[in-house]
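Below: one structure, written as structure tokens.
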Amino acid sequence: MRKKIVIGNWKMNMTRGETKSLLTIVKESVKDNTVDVAFAVPFTDIETARDVLEDTNIIVGAQNVHTEPRGAYTGEISVEMLKDLGVDCCIVGHSERRKYFGETDEIVNKKAKVLIEANIIPVICVGETLDEREQGIHLDLIRTQVKKALADIESTRAEEVIIAYEPLWAIGTGVTASSEQAEEVCSFIRYIVAEVYGVSISENVRILYVGSVNENNAKELFAMENIDGALVGGASLKPTFIEIINAAKE
Ligand code: PEP
């Protein structure tokens, strides 16, 4: 039985003061742990988030990591620095990083491996553009993204990985994939994971939907057999994020 997880992706939003205010409200409503809850916050908010959430099970995550352990990489953050701050999960391969920062499947794979090595859960994002979907090549593309991201990750560690399906046409657009479209691709991702690691491991890997999830559509998405939660952008910046967490509980 996979435990659902709802992860807020704050992107480049929230000062420390805003972090404190929102997390103080949210943590009061997330007292039981039937669902995992995480916040992938900007680096500058990690310490504040850790302080506010100290007495809770809510996971503090990051949105990026560098592949190298240390050195002359101005502006970058290493896995050791994340570990030192108490980060427990980290997004890799988000479409915005692939698009604006040239993050390739190979880089995604390296990042996933350094995170696993440090016992930080990688949240690996994969997904297609509208054009790729319309050309009918989206499943082939997703197969490639998933396989390349998982390359050389040992089967003994595979169940720690989270894979997030983000149809790019539904990111920050207000357009959500229908629950059937989302389920179709999430179940396909599980099938690919089974090709790599076997069915029993694939049954334990959590696969999330990403893209304009809100308090109105969350319940229907979470009812799908292969959707184990969501990575939530815009809607995780408001106290109504609690309603999305609650939708995952039912
Ligand atoms: C995201 O890009 O990670 C995301 C989930 O965005 P939104 O929910 O705002 O579409």
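First listed ligand is number 1; within each ligand, the first listed atom is number 1. What you see is a predicted model; the values in this text were computed from it and never measured.
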What I want to find out is whether Arg190 reaches Asp228 closely enough, with some N-O distance under 4.0 Å, to be called a salt bridge.
yes
Which residue pairs satisfy the side-chain hydrogen bond (donor to acceptor under 3.5 Å, both in side chains) criterion with at least one member in residues 19-29, sequence neighbours excluded?
Thr19-Asp45, Lys27-Asp55, Glu28-Lys31
Does this structure show an ion pair linking Glu154 with Arg157, if we count only N-O contacts that are shorter than 4.0 Å?
no
Partner residues of Glu106 under the side-chain contact (heavy atoms from CB on, under 4.5 Å) criterion, sequence neighbours left out
Thr104, Lys148
State plainly whether the residues Lys147 and Glu195 are in salt-bridge range, i.e. N to O under 4.0 Å.
yes
Who are the side-chain contact (heavy atoms from CB on, under 4.5 Å) partners of Glu215, not counting sequence neighbours?
Thr240, Glu243, Ile244
Could you tell me, for ligand 1, which of its N or O atoms are under 3.5 Å from any protein N or O, listing the pairs and their distances rounded to 0.1 Å?
residue, atom, partner, partner atom, Å
ligand 1, 2 (O), Lys11, NZ, 2.6
ligand 1, 2 (O), His94, NE2, 2.8
ligand 1, 3 (O), Asn9, ND2, 3.0
ligand 1, 3 (O), His94, NE2, 2.9
ligand 1, 6 (O), Lys11, NZ, 3.4
ligand 1, 8 (O), Ser212, N, 3.3
ligand 1, 8 (O), Gly233, N, 2.9
ligand 1, 9 (O), Gly234, N, 2.9
ligand 1, 10 (O), Gly172, N, 2.7
ligand 1, 10 (O), Ser212, N, 2.8

